[in-house]
Amino acid sequence: MLLFQDLLEIIRSEAKKTLSGIEEKEVIFDPTEHAHITLRLIKYGKTETNFDGKLDKICSDIEKLGFVSSVKKEGYYVNVYLNPIAILNTISESIHTAGIFPDSFQDPERVSVEHTSTNPTGPIHMGRVRNSVIGDSVAKLIERYGYRVTKQYYVNDSGKQMLSLYLGYEKFHKGDELTVANLLDGYVKIYNYFEEQKSEREVEDLMERYERGDGELIKNVREIASVVLESIIKDLEKLDIKFDEFTWESEFITSGETKEVIRKLSENLETDEKDGAKYIDIPNLRKIYLERGNGTSLYVTRDIAYHMYKFSQYDRCIIVLGEDHKEHGKIMNFIMHTLLGYENQMDFIFYGYVNLESGKMSTRKGTSIPVSEVYNKLVEKASQEIEKRYGSSDKSTAEKIASSALRFYILRINPSKPITFRWEDALDFNGETAPFIMYSYTRASSILEKSGSGGNFTEEDMNKEEIDLIVHLYEYPYKLKEAFNSLKPEVLATYLLSLSKKFTSFYENSRVIDQKDEIKNRRIAIIKSYTSIVQDCSSILGIKNVNKM
RNA sequence: GGGCUCGUGGCCUAGUCUGGAUAAGGCACCGUCCUUCUAAGUCGGUGAUCGUGGGUCCGAAUCCCACCGAGCCCGCCA
């Protein structure tokens, strides 16, 4: 939970002394340019008697607050102007004492964030990584809020796709070196082979052997999955995405937990007359099969087993899935909560596809864009840009720029919207990008490096840009709250961009190092607050700031 | 056919949940600013029937209905 002085709430409770019904959404940071904080009281104009007098009373009550400098009544709005020095001091104090603004305290609730979980059938591509980037930022957001978070990767090593990968390798590359390239080649070939044969019989036989617990087969498939998984992990580490736990799907089969799922749900299961397959008939939806006629389990069965495990370890589970899994989310909610009676909170985050201008990405068809390819091109471009400015390249900075740019390119877009991947956009370092945010940060660092450590200051000659920036800095906890409540890291991406723009306009209008102390020290304090909040917000989004670029 | 999602200047995005002060940014394009803390930047300009048509409301990009377009789901696949 976050700890900070909630200005909106304090103002609201003052106003409620006069108009008791004022709601949270009616006291807001003004999105227009009229005020810092505004009370939108239009709807009370009709119902309240002596409304104008009541507005005056509200204004005078709010004006007495220490962090308020003035209040103006304009139409049905009450416009509040904050005392920038008081606000700046509050932020500075928090950073001084807690090292951070806003402060937070540890909540005992344990949260699992499951993301990526892509089948290890090939290198991770730009479509799949949307899952990872969203999931990792959500995990960091929740951690920042004070929860204990475990980042989990559910490794599918037991389905048809994995066994096809295995079969492709056995058939076309047996004896060859066990590399991602060979595996991928066999994978493409095996699907062509299925088409030629007009049958997937061979892989179906494997699936049955696998489910019956053929130890040798399970071991071999896992070995192959590990090779591909390693390459995925390596690619993601470059983007600062790491996992705390890998759970192998096959473990739920070999441990008998999928059978346990069938037992637990036995009262709700119906049996198919044809061959004895078992299913749940979900009202207003359809039949969901949990056991095939041959007694083997299905994806849903294993996912139920996985969530029973997660619910035993965590109070809340967050799962990031592609939008094609929306119905699966409904199914899981119904089974886990309605049928099995679990009370653990379960939230799904769904995201849209990343397409190419030419159509969909597909590993099998060879039309996907691997993350590593985009990352490498970004490193190359960043190196060139650095060389242009400093005459020599700096690998570490280039990698930070690349990783930040890649994450931000995906993260700033609302997950429910599809993305069309374009190289020119992904490689852009201008405008609304991570490099712009990083650049504004380096300008701030540069001033701090040259200006000394600061000291006492006054309100003398304070300009509009300083005040704007300070007020916007104080919006950070509210943005954190909004992002947390809705599980939307893109809220922070949008905020960080607008904060960086405000800093830039401050930078253009407010010199620091050659000013007299009263002013210089104040601007140093502003910049220190700014860099602290940018660092904090960046770490959630996966932007790695540098002091020079 | 049923269900879900998306549609905002030439292109990309914010705002939509929770209706309110002139629809906010970026890219591209035209023009401006480096003896001044990093020009990956700044300032100015061109450019929007907020998919279409109805409705509710004092007030609609936002809520409701219908329609159009794009995508996804509707497997004893995952």
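Here is the naming used below: chain letters follow the sequence lines, and residue numbers restart at 1 for every chain. Reckoned from all heavy atoms, side chains included, excluding hydrogens, waters and symmetry mates.
- Ring stacking is absent between A/Tyr289 and B/G75, as the pair misses the limits of under 5.5 Å between centres and under 30 degrees between planes.
- Shown for residues 269-282 of chain A: residues whose heavy atoms fall under 4.0 angstrom of RNA chain B, namely A/Asp272, A/Lys274, A/Asp275, A/Ala277.
- Closest contact between the side chain of A/Glu323 and the listed nucleotides B/C74, B/C72, B/G41 involves B/C72.
- RNA chain B lies under 4.0 Å from at least one heavy atom of each of the following residues of residues 390-408 of chain A: A/Tyr390, A/Ile401.
- RNA chain B contains the following stems of three or more consecutive Watson-Crick or G-U pairs, with both distances under 3.5 Å: B:1-7 with B:68-74, B:10-13 with B:24-27, B:29-31 with B:43-45, B:51-55 with B:63-67.
- Rounded to whole Å, the distance from CD on A/Glu327 to C1' on B/G75 is 11 Å.
- Between A/Glu26 atom CD and B/A21 atom P there is a gap of 14 Å when expressed in whole angstrom units.
- The base of B/A40 sits within donor-acceptor range of the side chain of A/Arg389, with an N or O pair under 3.5 Å.
- Put simply, CD1 on A/Ile419 is 21 Å from P on B/A70, counting in whole angstrom units.
- In terms of polar N and O atoms assigned as donor or acceptor, the side chain of A/Asn79 comes within less than 3.5 Å of the base of B/A21 in a complementary pairing.
- Taking atom CD of A/Glu432 as the reference point, atom C1' of B/C27 lies 9 Å away to the nearest angstrom.
- We find that CD1 of A/Ile288 is positioned 15 Å from P of B/C73, with the value rounded to whole Å.
- A/Lys25 places its NZ atom 4 Å from the P atom of B/G19, with the value rounded to the nearest Å.
- Note: A/Tyr495 and A/His472 meet the aromatic proximity criterion, with ring centroids under 6.0 Å apart.
- You won't find any donor-acceptor pair under 3.5 Å spanning the side chain of A/Thr433 and the base of B/A40, going by distance alone.
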